[in-house]
K.L.:
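Before I ask anything, let me first share the structure, which is written out below as structure tokens.
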Amino acid sequence: MPELPEVETIARGLAQRVVGDVIESVWLGSKPEPLKSSAQEIATTLEGARIQSVRRVGKHIVFDLERPPTSAKTRTSKSARRTSRKNSPDNRRVRAKTPAEPVEIANWIVHLGMTGQLLVCPPDAELAKHTHAIAKLASGRELRFVDPRRFGRLSVVRSQNGFETAGVEPLDVSFDAFVPLFRKRKLPMKSALLNQKLLRGVGNIYADESLFRAGIRPRRRAATLSREKLCLLYKSVQQVLQEAIAAGGSSISDYVGAEGEPGFFQMQHRVYGREGEPCLNCGTAIKRIVIAGRSSHYCPHCQK
DNA sequence: AGGTTGACCTGGACGC
DNA sequence: TGCGTCCAGGTCAACC
């Protein structure tokens with residue numbers, strides 16, 4: 001169940017291992033579910049591309065790809081065509097300013113869903129069940145996408161602007177931009193935190209933990225929170241996420257790092273998964289309720 | 001239209 | 001042992 005800290009950890013691990021490598025070929029499994037773009041589109045975008053960087057956007061892992069101009073021959077023919085078609089002096093001046101043909105840029109987007117993993121392995125490593133995609137790298141290694149429950153998604157973006165999603169990054173947003181996200185909303189605060197179109201990257205675990213630290217009940221309507229309470233929540237969300245990133249994410253069930261190592265430190269959850277156990281502040285039993293189909297944990301005494 | 005619910009999917013835990 | 005049932009939760013379509 002990768003949320004922002006887990007995806008951040010995975011993206012950093014992948015960056016260390018695969019940046020600079022070139023994707024030579026791609027194999028995509030027969031099941032179409034994990035693909036948001038067509039298999040054809042993914043394959044043609046990835047094959048031959050160099051991985052320039054790996055980063056996180058919300059809960060998405062983004063590979064920035066660049067492809068050198070395919071060959072000198074195509075390049076000359078393309079530019080020749082363009083010059084002959086538009087031969088105005090203006091056009092020539094623009095071309096003169098950019099002597100090098102720009103490289104093609106694209107993004108490979110991976111959403112891990114609930115159980116997705118991206119593994120860097122030697123080619124002879126045993127093929128895990130539910131392997132849906134394999135990218136063979138020029139270094140000889142393979143980048144494998146494994147996802148038993150198939151909630152994960154693969155896609156490619158070729159637009160000039162690159163990949164973007166709605167919502168703001170909780171670790172980048174200013175308090176002044178944070179407040180209006182919740183101001184006129186009647187939904188429970190828990191649901192608001194999970195809404196990726198408002199804040200991107202917060203999932204069930206860190207929503208519960210943030211609300212606990214801010215002393216806010218998960219069912220509390222967003223619009224009823226004072227500016228002071230929102231300030232507490234703002235700080236709590238950032239604190240929880242930063243602590244979790246520092247710890248390498250919460251290691252639960254099938255969450256593992258880029259080489260399959262399971263050894264991340266368990267984050268100190270104060271309410272999540274602690275139903276019936278005493279609150280670490282006051283000793284009251286932690287309650288579990290269901291909001292929007294998600295289990296939510298809170299202390300009835302500390303959270304109002 | 002904003003808010004809420006259920007379907008998707010599989011493996012693991014649990015009860016009988 | 002083995003089967004059935006429930007639960008996990010990210011996202012989206014469909015509903016209220």
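Letters go in sequence order (proteins before strands), and every chain restarts at 1.
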K.L.:
With A/Lys136 as reference, evaluate A/Glu24, A/Glu142, A/Glu47 under the side chain to side chain donor-acceptor pair (under 3.5 Å) test and give the passing residue.
P.N.:
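Of the listed residues A/Glu24, A/Glu142, A/Glu47, the side chain to side chain donor-acceptor pair (under 3.5 Å) partner of A/Lys136 is A/Glu142.
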
K.L.:
Using OP1 and OP2 only, check whether a side-chain N or O of A/His130 sits under 4.0 Å from B/dG11.
P.N.:
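So the side-chain polar atoms of A/His130 do come within 4.0 Å of the phosphate oxygens OP1 or OP2 of B/dG11, strictly under.
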
K.L.:
When we call it a touch if two heavy atoms are under 4.0 Å apart, what does A/Arg288 touch: a base, just sugar-phosphate, or nothing?
P.N.:
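Here A/Arg288 touches the backbone only, sparing every base.
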
K.L.:
Please indicate whether A/Lys287 has more than 12 foreign heavy atoms, meaning atoms of other residues, nucleotides or ligands, lying under 6.0 Å from its NZ.
P.N.:
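No, because the 6.0 Å sphere around NZ of A/Lys287 holds 12 heavy atoms or fewer from other groups.
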
K.L.:
Using the side chain to side chain donor-acceptor pair (under 3.5 Å) definition, which of the options A/Gln52, A/Arg55, A/Arg50 pairs with A/Asp64?
P.N.:
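Running side chain to side chain donor-acceptor pair (under 3.5 Å) over A/Gln52, A/Arg55, A/Arg50 with A/Asp64 returns exactly one hit, A/Arg55.
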
K.L.:
Could you please name the option among B/dG2, B/dG11, C/dA8 that lies closest to any side-chain atom of A/Pro148?
P.N.:
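Among B/dG2, B/dG11, C/dA8, the one nearest the side chain of A/Pro148 is B/dG11.
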
K.L.:
Could you give the distance separating C/dC3 and B/dC9 at their P atoms, to the nearest angstrom?
P.N.:
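Those two atoms are separated by 23 Å.
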
K.L.:
Starting the side chain at C-beta, find the nucleotide from C/dG10, B/dG11, B/dG3 nearest to A/Leu194.
P.N.:
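The answer is C/dG10, which lies nearest to the side chain.
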
K.L.:
Establish, with yes or no, whether the OP1 or OP2 oxygen of C/dG9 is under 4.0 angstrom from a side-chain nitrogen or oxygen of A/Ser295.
P.N.:
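So the side-chain polar atoms of A/Ser295 do come within 4.0 Å of the phosphate oxygens OP1 or OP2 of C/dG9, strictly under.
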
K.L.:
Measuring from atom OG of A/Ser191 to atom CZ of A/Arg185, what distance do you get when rounded to the nearest 0.5 angstrom?
P.N.:
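It is 11.0 Å, given to the nearest 0.5 Å.
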
K.L.:
Classify the side chain of A/Arg149 versus the base of C/dG9 as yes if they form a donor-acceptor pair under 3.5 Å and no if they do not.
P.N.:
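Answer is yes: a donor-acceptor pair is held.
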
K.L.:
What does C/dC15 pair with, Watson-Crick or G-U, if both distances are under 3.5 Å?
P.N.:
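When the pairing criteria are applied, B/dG3 turns out to be the nucleotide that pairs with C/dC15.
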
K.L.:
Do A/Arg150 and B/dC9 have a side chain to base donor-acceptor pair shorter than 3.5 Å?
P.N.:
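In this structure, the two groups form no donor-acceptor pair.
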
K.L.:
Aromatic rings A/His132 and A/Phe145: how do their planes relate, parallel, tilted or perpendicular, breaks at 30° and 60°?
P.N.:
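Correct class here is tilted.
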
K.L.:
Report yes if a side-chain nitrogen or oxygen of A/Arg185 is closer than 4.0 Å to either non-bridging phosphate oxygen (OP1 or OP2) of B/dG2; otherwise report no.
P.N.:
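The answer is no; no side-chain N or O of A/Arg185 sits under 4.0 Å from OP1 or OP2.
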
K.L.:
Hey, is A/Phe151 doing a stacking thing with C/dT11, by the 5.5 Å centroid and 30° angle criteria?
P.N.:
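Taking the rule of under 5.5 Å and under 30°, the ring of A/Phe151 does not stack on C/dT11.
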
K.L.:
Tabulate protein N/O versus nucleotide N/O from nucleotides 4-7 of chain B, keeping only pairs under 3.5 Å, one per line.
P.N.:
residue : atom : partner  : partner atom : Å
B/dT4   : OP1  : A/Arg221 : NH1          : 3.2

K.L.:
Within the structure shown, what part of the strands sits under 4.0 Å from A/Lys129 by heavy-atom distance: base, sugar-phosphate, or nothing?
P.N.:
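Sugar-phosphate, no base atom in range.
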
K.L.:
Would you call the rings of A/Tyr206 and A/His269 parallel, tilted or perpendicular if under 30° counts as parallel and over 60° as perpendicular?
P.N.:
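Answer is perpendicular, since the angle exceeds 60°.
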
